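A quick write-up on the structure given underneath.
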Amino acid sequence: QFEITLKMPSVEKRSSGEFILACSRNGTEVFREVKNISIINTDASPKPEISGAELAVYDPCGKIKTRLSKNGVKFTNIISLDKIPPAKVLVFGKDSIPQSKSGDDFILNLASKGAKIIVLEQNNPLSGTALKSDLELSNFVGRIAFPEDLSHPSMDGLEESDFFTWSGDSIVYKKPYKKSTRGSKSLVQCDSLLNYTALAECQIDEGIVILSQLVIEEKLDSDPVAQKLFDNLLNYAVSYKPIRKNTAVVVKDSLKSKLLNNSGIKFSASQNPLSALDPKYGIVIIEGQCLNRISTWT
């Protein structure tokens with residue numbers, strides 16, 4: 001076994017290359033292996049436009065604070081979960097939330113007031129009344145995950161291959177959530193039948209909670225994907241603004257109506273499709289059987 005050390009070339013943006021390993025005996029090549037690689041400049045992420053008073057960090061592990069300081073990002077250090085300042089963006093580091101608070105609604109209350117919150121990997125993930133979602137806990141550990149939307153700001157400069165075996169022990173995620181039926185959107189899926197999420201966002205009123213069970217902070221000092229992903233999540237939280245579109249719904253079936261109500265969508269119920277097609281609505285949901293009656297209303 002050989003340990004190979006080499007200096008990565010300096011790049012301004014993500015670049016591709018090949019790692020070639022060749023062995024020779026008596027001047028004759030007897031083995032060759034070529035690995036496709038990507039080089040990520042982890043110092044190229046834009047610096048978030050936020051003041052130290054607007055960004056608050058609770059980070060017992062300390063790696064988040066080290067990276068923010070290295071990147072020249074000012075922040076307020078949270079001393080205790082009982083004394084959380086009214087910051088615009090809050091970051092809770094690895095295993096920073098004890099089991100006694102994992103089902104508490106303090107994160108939910110902060111987000112409902114407009115805070116943008118990042119919760120990195122927890123041994124006691126938030127659950128139950130802590131979220132407006134039916135995300136379920138698991139004890140899975142995995143080394144391969146799959147981003148669901150590479151156009152999402154959290155995936156800037158990353159590719160699907162980046163979620164295959166991270167450095168060190170190769171682990172990518174621990175204790176992912178089973179995907180919810182309401183209240184959250186999965187950004188990175190994983191595990192059994194891809195029914196689990198290692199990175200999800202929950203929009204709560206004007207705020208947002210980003211839940212990550214990817215081992216981001218655990219490998220923040222060694223893995224370029226973890227570093228890039230953290231920078232992306234922070235920039236996304238800083239710039240996040242909820243998109244609001246008036247929604248009209250024409251549904252007669254009581255079960256479908258119940259499902260829409262449980263989804264958290266805020267909408268106006270319309271009596272017929274024609275009234276729903278008013279320009280003031282950006283989204284219109286019409287049950288198929290209602291369209292069959294449109295000639296009657298016309």
Side-chain angles (χ1 to χ4, degrees), residues 56-61 63-64 78 81 84 87 89-99 101-142 145-149 152-155 158 163 166 171-191 194-220 225-226 229-238 240 242 264:
V57 177
Y58 185 57
D59 181 32
C61 182
K63 293 183 181 181
I64 294 172
I78 300 175
L81 291 179
I84 299 176
V89 177
L90 297 161
V91 180
F92 294 89
K94 178 181 182 293
D95 297 337
S96 60
I97 300 175
Q99 186 174 10
K101 282 189 171 291
S102 63
D104 193 275
D105 62 357
F106 78 101
I107 293 285
L108 189 64
N109 291 335
L110 291 167
S112 65
K113 296 176 183 177
K116 285 69 178 176
I117 302 171
I118 300 172
V119 182
L120 296 184
E121 65 267 32
Q122 301 294 316
N123 189 46
N124 300 295
L126 297 179
S127 61
T129 57
L131 301 168
K132 279 187 176 179
S133 174
D134 58 349
L135 288 164
E136 297 179 14
L137 304 180
S138 81
N139 286 312
F140 295 142
V141 176
F146 301 89
E148 297 192 55
D149 180 8
H152 191 276
S154 63
M155 298 296 136
L158 297 175
F163 292 82
W166 287 2
I171 290 175
V172 175
Y173 62 86
K174 297 177 181 179
K175 294 187 174 183
Y177 290 96
K178 186 174 183 181
K179 289 181 180 179
S180 68
T181 60
R182 57 179 174 79
S184 74
K185 174 185 177 181
S186 176
L187 301 176
V188 176
Q189 60 187 356
C190 60
D191 228 283
L194 299 182
N195 279 334
Y196 292 79
T197 178
L199 181 65
E201 60 178 354
C202 307
Q203 182 177 322
I204 301 172
D205 298 325
E206 297 301 308
I208 191 172
V209 178
I210 301 169
L211 300 169
S212 172
Q213 289 302 117
L214 297 164
V215 289
I216 293 176
E217 182 166 9
E218 182 177 321
K219 302 189 176 184
L220 194 57
V225 179
L229 192 53
F230 173 74
D231 294 345
N232 287 349
L233 290 175
L234 181 58
N235 277 301
Y236 175 55
V238 169
Y240 173 80

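Since we're looking at a predicted model, the values are computed, not measured.
The distance from the CD1 atom of I117 to the CD1 atom of I208 is 10.0 Å, given to the nearest 0.5 Å. The structure places OG of S186 at 13.5 Å from NZ of K178, a figure rounded to the nearest 0.5 Å. The distance from atom OG of S112 to atom CD of E206, rounded to the nearest 0.5 Å, is 11.0 Å. Within the model, atoms CG of L187 and CZ of F146 stand 16.0 Å from one another, a figure rounded to the nearest 0.5 Å. How far CD of Q99 is from OG of S127: 9.0 Å, rounded to the nearest 0.5 Å. Atom OG1 in T197 sits 8.5 Å away from atom CG in L211 (nearest 0.5 Å).
Looking at heavy atoms from C-beta onward, I210 lies in side-chain contact with L199 at the 4.5 angstrom threshold. Between L108 and L131, every side-chain heavy-atom pair lies at or beyond the 4.5 Å cut-off. A 4.5 Å side-chain heavy-atom check between L137 and Y177 finds at least one atom pair inside the cut-off. Under the 4.5 Å side-chain criterion, counting only non-hydrogen atoms from C-beta, M155 is in contact with L229. Taking the side chain as every heavy atom from C-beta outward, F140 and Q213 never approach each other to under 4.5 Å. Looking at L233 and I216, their side chains come closer than 4.5 Å, going by heavy atoms from C-beta outward.
For K174 against E218, the heavy-atom pair with the smallest separation is NZ-OE1, 3.2 Å. Scanning both residues, V209 and A111, for their nearest heavy atoms gives CG2-CB, 3.7 Å. Across Y58 and I78, no two heavy atoms sit closer than the pair CD1-O, 3.2 Å. Nearest heavy-atom pair, C202 versus S184, reported as atom, atom and distance to 0.1 Å: SG-CB, 3.6 Å. Counting all heavy atoms, side chain and backbone alike, Y240 lies closest to G207 at CE2-O, 4.1 Å.
Judged by distance alone, with hydrogens and angles left aside, the side-chain atoms of S138 form no donor-acceptor pair with the main-chain N or O of K175 at under 3.5 Å. The main-chain N or O of I64 is found under 3.5 Å from a side-chain atom of D59 such that the two form a donor-acceptor pair. Remark: side-chain polar atoms of K219 are paired, donor with acceptor, to backbone N or O of I171 under 3.5 angstrom. Using modelled atom types, one side-chain atom of Q122 and one backbone atom of L120 make a donor-acceptor pair closer than 3.5 Å.
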Would V188 and H152 satisfy side chain to side chain contact (heavy atoms under 4.5 Å, CB included), going step by step from the backbone distance to the final call? CA-CA 11 Å; V188 176; H152 191 276; over 6 Å; no
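Partner of I107 under the side chain to side chain contact (heavy atoms under 4.5 Å, CB included) criterion, out of L126, L81, I84: L126 alone.
Within 6.0 Å of NZ in K179 there are more than 12 heavy atoms belonging to other residues, nucleotides or ligands.
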Enumerate, atom names and distances included, each donor-acceptor pair closer than 3.5 Å involving a side-chain atom of residues 90-98, sequence neighbours excluded.
unit_1: D95; atom_1: OD1; unit_2: N123; atom_2: N; d: 2.7
unit_1: S96; atom_1: OG; unit_2: G93; atom_2: N; d: 3.4
unit_1: S96; atom_1: OG; unit_2: G93; atom_2: O; d: 2.7

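E201 and Y236 are linked by a side-chain donor-acceptor pair at a separation below 3.5 angstrom, with hydrogens and angles left out of the test.
Sorted by first and then second residue, the salt bridge (Lys or Arg N to Asp or Glu O under 4.0 Å) pairs involving residues 105-125 (not counting sequence neighbours) form an empty list.
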